[in-house]
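Letters A, B, ... are given to chains in the order of the sequence lines, protein chains preceding strands, and every chain is numbered from 1.
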2 protein chains.
Amino acid sequence: MTSREGSASAPVAFSDHDHAACVEDTLAAAEEVCAERGLRLTPVRRKVLELLLQEHRALGAYAILDLLRDAGFGSQPPVAYRALDFLVKNGFVHKIERLNAFVACVHPGETHSPAFMICRKCDAVAEAQSTPLKGALGAAARSTGFQIERTVVEAEGLCPDCAEASGS
Amino acid sequence: MTSREGSASAPVAFSDHDHAACVEDTLAAAEEVCAERGLRLTPVRRKVLELLLQEHRALGAYAILDLLRDAGFGSQPPVAYRALDFLVKNGFVHKIERLNAFVACVHPGETHSPAFMICRKCDAVAEAQSTPLKGALGAAARSTGFQIERTVVEAEGLCPDCAEASGS
DNA sequence: CCCTCTATGTGATTTTATAACATTTCAGAG
DNA sequence: CTCTGAAATGTTATAAAATCACATAGAGGG
Ligand SMILES: [Zn+2]
Ligand SMILES: [Zn+2]
Ligand SMILES: [Zn+2]
Ligand SMILES: [Zn+2]
């Protein structure tokens, strides 16, 4: 087996919540946004988004591909990468560069600069907002004349559960 | 040819400076730090650091490997990856996650949380400091109980030169 | 209906990274 | 100085991640 499948042990992102509703609502919101913008949330694309929403964690493209195959879709890499491209470009999914993996956005539709907290032990990923123009990086950009177009902000460490489990 | 070689057109990182001295000084500093800490800056490791210092930009592992081969070292991937592992672990080189590439540190020896500005047009990379605990991400971490151990902060955009070149 | 553009399916390939094992080098012990 | 064990290097092979190229299928406009 190439990938971790199954959502049984998937940690919710640092806090309990009604996960079924969380998936439903976000999918519905995505459909609405696509309708508004004339985007086609095709079956593969919808399925990939659904898979990423079900897990509250980052999945690699090949893990997604395995799940797509199980669901009866094509099983070659471009199938997964093309769906992911669409979802990332339109803000429904973010890529976690540190992990070469993808995670569903919790604020679909709204343009925002995400920041992520990644647990090195259980792989949970939580999305927060970053404020790229404030702080040291923004200051450095202004002083050198660098024009920021996109930012990658990823913190690696221990999530609350794993920190507690591993003492202290 | 697999990679961009040659430093002729390599942009200096957003500002003119005495590059020869820049390379020399940083290499000397690295040797001193290694001596202090009992680390072995072996020929391959030193060469990789030198190559990265000469280019003020990120190089992929295979580009480095090509240059190592030219310099008479082993030409199989582990040669490059092992040297890079050493240099990254000891803070002489940083990995740019967005590019799957590596860049020499401009503050070798000192522990710090780097932030990078990456020009999407000319590939120049400039290092700045980030302040992970301040700002939105730090606040999110504190409020959820996430323990940050390491951060990846990378801004993509246009460097001053390329911004000017491409109009306004 | 026909044409065109977009999306999907599939095979092959490129790029990035690691595993596994043999050989060499070197610092420190005796 | 010589032995010895750990660290470093060289090399083969393989895994993992991403893209290319081209054929087929669908949706929508005329
Ligand atoms: Zn988001
Ligand atoms: Zn955790
Ligand atoms: Zn320089
Ligand atoms: Zn640095």
May I ask you to verify if any side-chain N or O of B:Y81 is less than 4.0 angstrom from the OP1 or OP2 atom of C:dA17? yes

Is it the case that the side chain of B:H19 and the backbone of B:L53 share a donor-acceptor pair, with hydrogens and angles ignored and the cut-off at 3.5 Å? yes

So how far is it from A:E156 CD to A:R98 CZ, rounded to the nearest 0.5 Å? 4.0 Å

Between A:F86 and A:P78, whichever has its closest DNA chain C nucleotide further toward 5' is A:F86

Please report the distance, rounded to the nearest Å, between CZ in B:R45 and P in D:dG10. 11 Å

Please state how far atom CD in A:E97 lies from atom P in D:dA16, giving the value in whole angstrom units. 20 Å

Could you give the CZ-to-P distance, from B:F73 to D:dG10, as a whole number of Å? 8 Å

Please determine if A:D66 and A:R69 form a salt bridge, counting it only when a charged side-chain N lies under 4.0 Å from a carboxylate O. yes

Counting side-chain heavy atoms from CB outward, which of D:dT12, D:dA21, C:dT8 is closest to A:T42? C:dT8

Verify the contact: side-chain N or O of A:K95 to OP1 or OP2 of D:dA18, cut-off strictly under 4.0 Å; return yes or no. yes

To the closest 0.5 Å, what do you measure between CD1 (A:I148) and CE (B:M117)? 7.5 Å

Rounding to an integer number of Å, can you tell me how far A:R69 CZ sits from C:dG9 P? 13 Å

Given atom CG of A:L59 and atom P of D:dA17, what is their separation to the nearest angstrom? 12 Å

Confirm from the modelled atom types if B:R82 and D:dG10 form a donor-acceptor pair under 3.5 Å, side chain to base only. yes

For the atom pair CG (B:L39) and CZ (B:F92), what is the distance rounded to the nearest 0.5 Å? 6.0 Å

Atom-to-atom span, CG of B:N100 to P of D:dA17 - whole angstrom: 11 Å

Measure CG/A:L65 against P/D:dA16 and give the value in whole Å, please. 14 Å

Base D:dA18 to side chain A:Y62, donor-acceptor N/O within 3.5 Å cut-off: yes

Heavy-atom nearest nucleotide on DNA chain D taken for B:R40 and for B:P77; more 5' hit belongs to B:R40

Between D:dT11 (C1') and B:Q76 (CD): distance, integer Å: 6 Å

